[in-house]
Novice: 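Got a structure for you, questions after.
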2 protein chains.
Amino acid sequence: MIRPHVHGAIADRLRAAGLRPTRQRLALATVLLADGRDRHVTAESLHREVRARDVAVSLATVYNALHQFTNAGLLREVVVDAARSYFDTNTTHHHHFYDEDSRSLIDIPGSGIDVAHLPEPPPGSEIAQVDVVVRIRRPAQAAGASVRGSKR
Amino acid sequence: MIRPHVHGAIADRLRAAGLRPTRQRLALATVLLADGRDRHVTAESLHREVRARDVAVSLATVYNALHQFTNAGLLREVVVDAARSYFDTNTTHHHHFYDEDSRSLIDIPGSGIDVAHLPEPPPGSEIAQVDVVVRIRRPAQAAGASVRGSKR
DNA sequence: GTGTTTGCAAAGTGTTTGCAATTTA
DNA sequence: TAAATTGCAAACACTTTGCAAACAC
């Protein structure tokens, strides 16, 4: 049985990135890129989402795909939390709010922040990227409650 | 046998932070804070350093102490690499170069960067902190060598 | 003395990897 | 058919935790 090329814009983007449009990658890329919305995912959240669409994909494949997509420039990795990796479908220059309570990311448009007076990088090195993370929280309670360490 | 209070500036800082100046915490705090230099450590690097001074401290205790020191305001945690946590003895407002090749941090003085036009945080939240990470690298080789993925 | 801290080893997280089976082109 | 990809389970690196022994005050 002859199977023709998979057709569609997403398949083309994968091919253009040098990635075979397999069933798994198509499902992942579709969730991530199909509607053009800016999305922030973790491996776990993406895995959940794809399975909710009844596509069987292993978590290992999700991790692999996220890195392949990132290397191909389809995604960008955002480091904001030591505990897990985030990937952003918006690969243009921009910064982030990071909500430390809900552990969620919000894009700040590239023009939203001016970083000025960047010092020279140390000799022999070049600036690869400038990341600005604005950490936000629900305001701390004012009233009597004493401040106790919160379980991590 | 009566043992008096441990004396010394470091011991006092620990007490002021509500932490008993135990042998382990004293050794860790001394390495970190005694000479007033700005230092960036990981649990692993600090553990190595303290042991090099022939003080027996378990890695678990180093982790615990780093968090206790951080909660007490003696240190500041810096998130730049998903693979490990960094702690900075400089708790004042400032930003960082992060050398992705050597995985090392370099302080940028508070005045070294201007972040302007910060947008309003989402309703109900407040800005807890603004982190700027300038990622630096050795410039990519220009010559013929093809670009292959580097093992992580 | 009594509550705190330590160290160990075990458990936990998120992530990566080796490899046989499967799939793509 | 040949090469790329997948899934599983095991391995990993880093970090946290339960608990008895050691320690600070």
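Since we're looking at a predicted model, the values are computed, not measured. Note on naming: letters A, B, ... go to the chains in the order of the sequence lines (proteins, then strands), and numbering restarts at 1 for each one.
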Novice: Dump the pairs, protein N or O against N or O of nucleotides 10-12 of chain D, anything under 3.5 Å, distances to one decimal.
Specialist:
none

Novice: Measure the angle between the two terminal helix axes of the helix from dG1(C)-dC25(D) to dA25(C)-dT1(D), five base pairs each, and quote it to 10°.
Specialist: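 Rounded value for the end-axis angle: 30°.
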Novice: Side chains of Q24(B) and V57(B): closer than 4.5 Å at any heavy-atom pair?
Specialist: yes
Novice: R37(B): which residues meet the salt bridge (Lys or Arg N to Asp or Glu O under 4.0 Å) condition with it, sequence neighbours left out?
Specialist: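 Counting only residues at least two positions away or on another chain, R37(B) forms a salt bridge (Lys or Arg N to Asp or Glu O under 4.0 Å) with D35(B).
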Novice: Let's see if you get this right: which residues in residues 41-59 of chain A place a heavy atom under 4.0 Å from DNA chain D?
Specialist: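 Output list: A56(A), V57(A), S58(A).
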Novice: Using side-chain heavy atoms (C-beta onward) and a distance below 4.5 Å, is L75(A) in contact with L32(A)?
Specialist: yes
Novice: Looking at DNA chain D, which of residues 22-29 of chain A put a heavy atom within less than 4.0 Å of it?
Specialist: T22(A), Q24(A), R25(A)
Novice: Other residues, nucleotides and ligands only: do more than 12 of their heavy atoms fall within 6.0 Å of NE2 on H93(A)?
Specialist: yes
Novice: Do the side-chain N or O atoms of R20(A) get closer than 4.0 angstrom to the phosphate oxygens (OP1, OP2) of dT24(C)?
Specialist: no
Novice: Can you tell me how far C1' of dT15(C) sits from OH of Y63(A), to the nearest Å?
Specialist: 5 Å
Novice: With a 4.5 Å cut-off on side-chain heavy atoms, are F97(A) and R135(A) touching?
Specialist: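 Result no, sub-4.5 Å side-chain heavy-atom pair not found.
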Novice: Name all residues meeting the side-chain contact (heavy atoms from CB on, under 4.5 Å) criterion together with D101(B); count only those two or more places apart in sequence or in a different chain, and write none if there are none.
Specialist: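 Applying side-chain contact (heavy atoms from CB on, under 4.5 Å) to D101(B) gives D99(B), R137(B), R138(B).
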